[in-house]
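In what follows, every heavy atom counts, from backbone to side chain, and hydrogens, waters and symmetry copies are set aside. Remember, it's a predicted structure, so these values are computed and weren't measured experimentally.
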Amino acid sequence: MTRIWYDAQHLSPRPPEPADRAPRHPVDMFLLLIDGDQVLLALREGTGYADGQWNAPSGKLELGEDALTGIRREAAEEIGVRFDGDEPHFAAVVHHRNLKHGRIGLVFTARFDVHRHGEPVNREPHKCGEIRWFPLDAMPSNTYPSTVAAISAWRAGTPLLLSGWH
């Protein structure tokens with residue numbers, strides 16, 4: 001039996017992945033650190049991907065790492081924030097399609113408390129131009145689409161949001 005896969009945008013047949021190659025779907029993790037009606041974003045710089053766009057503190061899940069450990073690691077590496085107990089909280093999944101392929105994004109949230117978390121700082125200046133708080137209702141126009149989708153999913157209480165597929 002031959003399986004035919006269809007490109008969702010063009011509805012034309014495309015061949016499946018070669019049998020000897022496993023599908024590769026990066027698992028991204030997004031942290032929505034919330035302070036009142038504001039969210040902390042980082043300006044991408046020097047990465048070669050989405051530079052000049054604002055993004056939630058985020059990163060890829062490493063092989064063999066569970067999601068909660070991964071988002072805590074990324075928060076510490078990127079903005080120096082520490083989490084204990086049950087933080088951050090899982091909020092949603094965003095399945096985002098960029099120009100090349102689809103990506104799965106796990107969205108986590110935490111209400112910021114400087115006494116519990118520490119003051120956020122830019123710990124990766126080689127990849128991040130700055131970090132800044134933005135009102136949730138006034139996001140910069142150059143916010144990366146998957147971050148916009150992550151915020152939208154969390155605010156709407158949507159457990160799964162498809163972004164960039166249509």
S.K.: When you compare the side chain of Met139 with that of Ile151, does any pair of heavy atoms fall below 4.5 Å?
M.R.: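 Yes, their side chains come closer than 4.5 Å.
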
S.K.: Kindly state whether the ring of Trp54 and the ring of Phe134 have centres lying under 6.0 angstrom apart.
M.R.: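 Yes, they do, as the ring centres are separated by less than 6.0 Å.
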
S.K.: If we count only N and O atoms by modelled type, under 3.5 Å, do the side chains of His96 and Ser146 hold a donor and an acceptor together?
M.R.: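 There is no such pair (donor and acceptor under 3.5 Å, judged by atom type) between the side chains of His96 and Ser146.
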
S.K.: Does a donor on one side chain and an acceptor on the other come within less than 3.5 Å for Arg44 and Thr47?
M.R.: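 Yes, Thr47 and Arg44 have a side-chain donor paired with an acceptor closer than 3.5 Å.
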
S.K.: Under 6.0 Å between ring centres: does that hold for Trp165 and His95?
M.R.: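 Between Trp165 and His95, the centre distance is under 6.0 Å.
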
S.K.: Measuring from atom CD of Glu124 to atom CD of Glu78, what distance do you get when rounded to the nearest 0.5 angstrom?
M.R.: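 Reported value, rounded in 0.5 Å steps: 4.5 Å.
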
S.K.: Does Lys127 pair with Asp51 as a salt bridge, N-O distance under 4.0 Å?
M.R.: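 Result for this pair is no, no salt bridge flagged.
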
S.K.: Hey, what do you get for OG1 (Thr109) to CZ (Phe90), rounding to the nearest 0.5 Å?
M.R.: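 Separation between the atoms: 10.0 Å.
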
S.K.: Flag the pair Glu65 and Arg73 as a salt bridge only when some basic side-chain nitrogen lies within less than 4.0 angstrom of an acidic carboxylate oxygen.
M.R.: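 Between Arg73 and Glu65 there is a salt bridge, with a charged N closer than 4.0 Å to a carboxylate O.
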
S.K.: In Å and rounded to the nearest 0.5 Å, what is the CZ to CG distance from Phe108 to Leu31?
M.R.: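 Nearest 0.5 Å value for the CZ-CG distance: 9.5 Å.
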
S.K.: Using a 3.5 Å distance criterion without hydrogens, assess whether the side chain of Thr147 forms a donor-acceptor pair with backbone atoms of Pro145.
M.R.: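 Flag not set: sc Thr147 to bb Pro145 has no pair under 3.5 Å.
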
S.K.: Output every pair passing ring pair (Phe, Tyr, Trp, His ring centres under 6.0 Å) with a member in residues 57-88, not counting sequence neighbours, ordered by first then second residue.
M.R.: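 Residue pairs with at least one partner in residues 57-88: Phe83-His117.
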
S.K.: Under a 3.5 Å distance rule, please check whether Arg103 uses its side chain to pair with a backbone N or O of Val27 as donor and acceptor.
M.R.: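 Not at all, since once roles are kept as given, no pair shorter than 3.5 Å links the two residues.
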
S.K.: Calculate, to the nearest 0.5 Å, the distance between atoms CG and CG belonging to Asn55 and Leu41 respectively.
M.R.: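 These two atoms lie 7.5 Å from each other.
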
S.K.: For the pair Arg72 and Glu87, find out whether any cationic side-chain nitrogen is under 4.0 Å from an anionic carboxylate oxygen.
M.R.: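 Looking at Glu87 together with Arg72, the answer is no, because their closest N to O distance does not fall below 4.0 Å.
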
S.K.: Leu68, Val81: one ILVMFWY side-chain cluster at the under-4.5 Å cut-off?
M.R.: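 Yes.
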
